Engineer: 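Once you've had a glance at the structure underneath, I'll fire off some questions.
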Amino acid sequence: MSTHTLASTVVAARSRAHGPTAALWHAVEVHRPTAELDGACELTLCGSLARVQVEQPWPATSRDVCPTCVVLSR
């Protein structure tokens, strides 16, 4: 019996704006190859749902980044 270990990867995801809450970049920890990600919503490190965008690097360099995801992704 063989076991396969897949390392986790942190990718960026964009949330939607809700009323006065701005859209933010979040971190999503995935345990599968990024090629298998289809841009669907995933649970972020801070507990939000956000749409994964693998072409966006994490940590995001923009100003609209979730501060909780920044801390939890370190």
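Source: prediction; values computed, not measured.
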Engineer: Which residues pass the side chain to side chain donor-acceptor pair (under 3.5 Å) test with Glu29, sequence neighbours left out?
Structural biologist: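 With neighbours one apart ignored, the set is Ser8.
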Engineer: How many angstroms lie between NE2 in His26 and SG in Cys69, if you round to the nearest 0.5 Å?
Structural biologist: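 Taking NE2 in His26 and SG in Cys69, the distance rounds to 5.5 Å.
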Engineer: Would you mind listing every side-chain hydrogen bond (donor to acceptor under 3.5 Å, both in side chains) that reaches into residues 44-54, with sequence neighbours excluded?
Structural biologist: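 side-chain hydrogen bond (donor to acceptor under 3.5 Å, both in side chains) check on residues 44-54 returns no pairs.
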Engineer: I want to check something: taking the side chain as every heavy atom from C-beta on, are Arg32 and Leu37 in contact at a cut-off of under 4.5 Å?
Structural biologist: yes
Engineer: If you take all heavy atoms of Ala23 and Ser15, which pair is closest and at what distance?
Structural biologist: CB-O, 3.2 Å
Engineer: Specify the closest pair of heavy atoms between Val30 and Val11, including all atoms of both residues, with the distance to one decimal.
Structural biologist: CG1-CG2, 4.2 Å
Engineer: Sort and list the pairs that fulfil side-chain hydrogen bond (donor to acceptor under 3.5 Å, both in side chains) and have at least one residue in residues 64-74, not counting sequence neighbours.
Structural biologist: Arg14-Asp64, Trp58-Ser73, Ser62-Asp64
Engineer: Applying the 4.5 Å side-chain criterion to the ILVMFWY set and letting contacts propagate, would Trp25 and Val10 be lumped into a single cluster?
Structural biologist: yes
Engineer: Could you work out the complete set of other residues in the hydrophobic cluster of Leu72, with links drawn between I, L, V, M, F, W and Y side chains under 4.5 Å apart?
Structural biologist: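 Grouped by the 4.5 Å side-chain rule, Leu45 form the rest of the cluster around Leu72.
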Engineer: List the residues meeting side-chain contact (heavy atoms from CB on, under 4.5 Å) with Val71, not counting sequence neighbours, and say none if there are none.
Structural biologist: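 Val71 satisfies side-chain contact (heavy atoms from CB on, under 4.5 Å) with no other residue.
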